[in-house]
Asker: 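Following this message is one structure expressed as structure tokens.
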2 protein chains.
Amino acid sequence: MLQTNTNVSYQAPGHGGLCNVRDVLDRIGDRWSVLVIATLGDGPLRYSELRRRIGTVSQRMLTLTLRNLERDGLVRRTVTPETPPRVDYALTEVGSTLHERLAPLIEWAEENHPHIAASRERFDSALKRSS
Amino acid sequence: MLQTNTNVSYQAPGHGGLCNVRDVLDRIGDRWSVLVIATLGDGPLRYSELRRRIGTVSQRMLTLTLRNLERDGLVRRTVTPETPPRVDYALTEVGSTLHERLAPLIEWAEENHPHIAASRERFDSALKRSS
DNA sequence: CTGAATCCCACCCGATACTG
DNA sequence: CAGTATCGGGTGGGATTCAG
């Protein structure tokens with residue numbers, strides 16, 4: 001087992017590691033944060049372009065997600081006073097380190113999606129037979 | 001930029017990569033899946049021990065989370081007919097590859113929690129001043 | 001010990017309309 | 001273009017109860 005020492009602090013009863021992990025995971029565990037960070041991984045983007053790339057996100061949720069990421073110091077918001085207004089978003093240094101950890105996960109998701117879909121089908125049809 | 005090629009398929013309009021990524025992230029993006037996978041990373045555990053380690057999870061949610069992970073082929077459920085009954089949970093091979101991608105993320109969460117908490121405080125008190 | 005079933009509410013998030 | 005404000009449905013998930 002290679003991973004034995006990755007989560008030493010989990011057993012700490014009631015305090016420490018696990019709660020903090022939950023704090024952070026709750027933030028990026030919502031519907032859009034991971035996709036925003038992944039999309040900004042290619043470089044800064046303005047609001048409209050970011051929205052276009054993600055495609056299915058609503059105006060409200062994109063704004064909300066960006067605010068929270070900015071609040072946590074993961075994304076930097078830069079306003080350029082023009083008409084029409086221009087706002088660019090970029091990962092901070094800390095945000096970039098998160099993106100580095102996220103990239104393998106996203107890659108994994110793409111690679112293993114077929115396997116997971118197949119497994120779901122097997123499971124569901126096995127359930128059907130036993131009902 | 002090192003990560004330029006990690007999300008090549010994102011721009012694919014309406015089909016392909018991004019949707020699949022969302023499929024998978026929706027599964028592990030819930031409140032408990034990541035913590036369950038991380039906890040099982042140390043090795044197989046029976047239901048009660050798993051629950052004790054996570055600590056704050058309700059019976060219902062732990063069972064539900066495990067069912068979904070089993071459905072997706074990430075966790076294997078082994079029943080040993082005894083009295084009282086004994087059920088062990090372990091990562092599958094695929095589940096282990098996910099855990100490998102997850103471990104750096106969790107480590108990141110632990111390391112950066114202080115920074116994030118501080119950033120939140122700064123942001124909130126800056127808001128207060130401007131209100 | 002492991003788990004299924006039911007109740008129920010907070011909140012997430014989408015749709016829509018309005019503003020500088 | 002880049003937001004903010006408001007409303008409302010859907011649902012995630014906790015508490016509780018029952019069962020094998």
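Order of the sequence lines sets the chain letters (A, B, ...), proteins ahead of strands, with each chain counted from 1.
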Asker: Counting neighbours of CD on B:Glu121 that are heavy atoms of other residues, nucleotides or ligands and sit closer than 6.0 Å, is the number greater than 12?
Answerer: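 Result for CD/B:Glu121: open.
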Asker: Rounded to whole Å, how long is the line connecting atom CG of B:Asp30 with atom P of C:dC11?
Answerer: 18 Å
Asker: Would one find a side-chain N or O of B:Tyr47 under 4.0 angstrom from OP1 or OP2 of C:dA4?
Answerer: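 No.
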Asker: Base, sugar-phosphate or nothing for A:Gln59? Non-hydrogen atoms, less than 4.0 Å.
Answerer: base
Asker: Please answer whether the main-chain N or O of B:Val87 pairs with a side-chain N or O of B:Arg77 as donor and acceptor at a distance below 3.5 Å.
Answerer: no
Asker: In this structure, how many angstroms lie between the P atom of D:dT11 and the CH2 atom of B:Trp32, rounded?
Answerer: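 Rounded to whole Å, this separation is 21 Å.
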Asker: Rounded to the nearest Å, what distance is computed from the CZ atom of residue A:Arg67 to the C1' atom of nucleotide D:dA5?
Answerer: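 Those two atoms, CZ and C1', are 14 Å apart.
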Asker: What is the distance from atom OH of A:Tyr47 to atom CZ of A:Arg52, rounded to the nearest 0.5 Å?
Answerer: 14.5 Å
Asker: Touch check for B:Arg51, heavy atoms < 4.0 angstrom, all strands: base, sugar-phosphate only, or nothing?
Answerer: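 Touches nothing.
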Asker: Take atom CZ of A:Arg27 and atom C1' of C:dC11, then tell me their distance rounded to the nearest Å.
Answerer: 14 Å
Asker: For C:dT2, does OP1 or OP2 lie under 4.0 Å from any side-chain N or O of B:Ser48?
Answerer: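 Affirmative; the distance criterion is met.
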Asker: Take the protein atom CG of A:Leu64 and the nucleotide atom C1' of C:dC12, then report the distance between them rounded to whole Å.
Answerer: 10 Å
Asker: Ignoring the backbone of B:Pro85, work out which of D:dC1, C:dC1, C:dC13 is nearest its side chain.
Answerer: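 Looking only at side-chain atoms, B:Pro85 lies closest to C:dC1.
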Asker: Please check the phosphate of C:dG3 (OP1 and OP2 only) for any side-chain N or O of B:Arg77 closer than 4.0 Å.
Answerer: yes
Asker: Using modelled atom types and a 3.5 Å cut-off, is there a donor and acceptor pairing between side-chain atoms of B:Thr65 and backbone atoms of B:Met61?
Answerer: yes
Asker: Are B:Arg60 and D:dG12 close enough that a side-chain N or O sits under 4.0 Å from OP1 or OP2?
Answerer: no
Asker: Figure out the CG/P separation between B:Leu66 and D:dG13, and round it to whole Å.
Answerer: 14 Å
Asker: Which pair of non-hydrogen atoms, one from B:Ser33 and one from B:Ile28, has the smallest distance, and what is that distance?
Answerer: CB-CA, 3.8 Å
Asker: Between D:dG3 and A:Tyr89, is there an OP1 or OP2 to side-chain N/O distance shorter than 4.0 Å?
Answerer: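 So the side-chain polar atoms of A:Tyr89 do come within 4.0 Å of the phosphate oxygens OP1 or OP2 of D:dG3, strictly under.
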Asker: In whole Å, I'd like the distance from the CG atom of B:Leu62 to the P atom of D:dG13.
Answerer: 13 Å
Asker: Would you kindly give the CG-to-P distance between B:Asp26 and D:dG10, to the nearest whole Å?
Answerer: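 Taking CG of B:Asp26 and P of D:dG10, I get 18 Å after rounding.
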